[in-house]
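One structure is given below, encoded as structure tokens.
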Amino acid sequence: MDVVTGTSPSRKARIPKACAACRKSKSATTCTWHVKTRNAVDERLERVEQAIWALNRRLDDQETISPQSREVSGPVTDRARAIRDSTTSVDAVETVLGRPVGDGSRGALPAISRPNNASFLIRKPACLDMVSSGLISDLDAQVWFNTFFDGCNRFVPVFDPAHDTYSSVRERSTVLFDVLITFGCKAGNESLANEFRKLHHVVRQHISDITLHDTEASLESVQALLVVASYSDSGAILCDIALRESLKLHMPQKVTAYLSSLAAGCHTDQPANMRDLIPVRVLYGLVLLDQILSLDGGKPASMSLHTTSRRVRILIAQPHRSPIDLRLYAQVELNELRATSYASVIAAANAGEQSLKDTIDQAQVDLSRWKAEWQALIFDNLTVEDERTVFTVNLRIQHAWAVLALQLRALTASGVDNLALVTECQRTISLSAKTAAERHLDLILSNTFDLDSSDASHERSSYLKPYIANIRYGSEFVFAKNAFCVLIVLRLAILLGDPLSAVLHRLQQAQDFLDGLSHAGMGANVGYIRILSQTVKKCQRAVKASQQVQDSSEQALDTGDADFQSFVPHEFTLRWDFPGLNLCYIPLDWQELFLNFEAGD
């Protein structure tokens, strides 16, 4: 501190450089005061304060920009926003201070909220991706990103590996980049469960940001929402949020115009552009997820196709379509057929059994034609043998699932739940459902050579079961559907009185499927493995109980095990809307006993 000494004049006058007490008393005595020297810390704090207020003014100016002016300025990627936000928030403060801020993880630094008259502060969207924030290393991110494209993209077919590369996705969208890494980590192996939970927490914040803030919509945000919805038990809500984002981008209108131009031959003389198919792929991926969740999940359908389902086939001839696009278009067409057949079955159930039978037969003809035509399209448009094999297996599994769900929907629509009291037509439907369920189970356990007789000369051990080998990448619906299929196969075998030897064969298949999943590596997908394990154990107890009271294994299996008949996992009732779970077998004399009890009350 500098010490300054001054002497007052003889007459009282205002002393400009004096302390407050001397100024007040007008004293002529000697006054000593101190001049505070500003150090470096004070100067830095002042500059920080000025920088923060400057940033707040910039934010206010940006909010006054109209949507039209933002469109004129051109698209801004999520990566560009992250760079801009990080530069104007963290980097600016660090530049002023001359040192890092926080604990070294910029992603952990909370966004600066500008002062306002409100009593509440709203969280700002995250700026940087997981690698830039230091949450994971770049090497781990690349491994998990590649894991996603090793198989997860088959179950969420809205990506093109040639376009959606590691560097490209990271540059375009922080949200999509983090989502792909997170679910690639989930498909890794059991040892990554803790890592997945840590990454999934960040993904949940991203989804919350999209929902909370009215940010600019992008194709990448729609893709990210579709991925999370496919691997989440909250898929119905996230699917509709993705649809809302797509409407902001006017995707339905753009895709409709593009398909109309293809039908009119307007693109025949123009060079093909890979980017033309991106919004088409994303929108049909959104349609597919909405179809699955409405047909099998009980979600009200949010969108539907107003044209024939076969119209998607016009996209097959596009030069830049990927092999996975074929899978997408085939599933969209199949689910549109399923929706139509379900509506017809429900209407025919009220018109009599013959009308119901005719409707089911016609629906099965349509489904069989779909399978035959798409098998031909696959062999004509895919040149890689491995791709053909995987696609053929999936087509047949999807067909078997469609037939199974159709028969069970018809059985439910006819008003039957007790198979001891069915009519001949209803019993025929239940037997057809059991056959379709058994076909589905046979297919997911099939080997490669089972699909092509020309390969029968090879050793069995040299072939893998293609479906089980890739199921660890599967979505929530895939695991739920397969667990339900195993349950309904075993339950119908018991309820319909199959011989004990047949039940034991199906029980062994279920155990083989469970063992195959364990060897394939299920990552963090353990919920439906538990359901499969419980199904097998409960059925085994039912078989053992029956064996104890039977003299011969060739007699019909007793259906008295109420524990297995009443087993309905809560996932199937709360998350999905699979038909046939209410089927049971109660003999007529049991029902008369219950009626007597009711009469006594």
- Message: Nearest 0.5 angstrom please: Arg154 CZ to Tyr473 OH, how far?
- Response: 9.5 Å
- Using the salt bridge (charged side-chain N to carboxylate O under 4.0 Å, His left out) rule, pick out the option among Asp512, Asp498, Asp442 that qualifies with Arg506. Asp442
- Backbone N/O of Asp417 and side chain of Asn582: donor-acceptor pair under 3.5 Å: no
- Ignoring hydrogens and geometry, is there a side-chain-to-backbone donor-acceptor pair from Trp374 to Gln331 under 3.5 Å? no
- Query: With no hydrogens and no angle check, is any side-chain donor or acceptor of Ser294 less than 3.5 Å from a backbone partner on Asp290?
  - Reply: yes
- Considering only NZ, NE, NH1 and NH2 on the basic side and carboxylate oxygens on the acidic side, decide whether Arg338 and Asp296 come within less than 4.0 Å. yes
- Item | Pairwise distance CG(Leu337) to OH(Tyr342) - rounded to 0.5 angstrom | 11.0 Å
- Message: Could you check whether atom NZ of Lys248 has more than 12 heavy atoms from other residues, nucleotides or ligands sitting under 6.0 Å from it?
- Response: yes
- Item | Evaluation steps, side-chain contact (heavy atoms from CB on, under 4.5 Å), between Val228 and Phe183 | CA-CA 8 Å; Val228 180; Phe183 290 98; 3.9 Å; yes
- Message: Tell me whether Ser246 contacts the main-chain N or O of Leu243 through its side chain, where contact means a donor paired with an acceptor under 3.5 Å.
- Response: yes
- Enter the distance from Leu408:CG to Leu492:CG here, rounded to the nearest 0.5 Å. 6.5 Å
- Polar contact flag, side-chain donor to acceptor under 3.5 angstrom, Asp240-Ser302: yes
- Item | Stacked cation flag Arg491 on Tyr585, 6.0 angstrom / 45 deg | no
- For Leu226, does its backbone N or O pair with a side-chain atom of Ser230 as donor and acceptor, under 3.5 Å? yes
- Would you say the side-chain atoms of Ser430 pair up with the backbone N or O of Arg427, donor to acceptor, closer than 3.5 Å? yes
- Query: If you round to the nearest 0.5 Å, how far is CG of Leu517 from CG of Leu514?
  - Reply: 6.5 Å
- Is it true that a side-chain atom of Thr435 and a backbone atom of Leu431 form a donor plus acceptor pair closer than 3.5 Å? yes
- Message: Given 3.5 Å as the limit, does a donor-acceptor pair link the side chain of Arg281 with the main chain of Val158, or not?
- Response: no
- Item | Tyr528: which of Glu476, Lys481, Glu571 passes side-chain hydrogen bond (donor to acceptor under 3.5 Å, both in side chains) | Glu476
- Rounded distance [0.5 Å steps], CD in Gln426 versus CD1 in Ile429: 6.5 Å
- Query: Would the number of heavy atoms belonging to other residues, nucleotides or ligands and lying under 6.0 Å from CG of Leu247 be above 12?
  - Reply: yes
- Task: Decide whether Gln362 and Asp358 meet the rule of one side-chain donor and one side-chain acceptor closer than 3.5 Å.
- Result: no
- Query: Once you round to the nearest 0.5 Å, how far does NZ of Lys371 lie from CG of Leu334?
  - Reply: 11.5 Å
- Going by atom types alone, do Asp515 and Gln511 pair a side-chain donor with an acceptor below 3.5 Å? yes
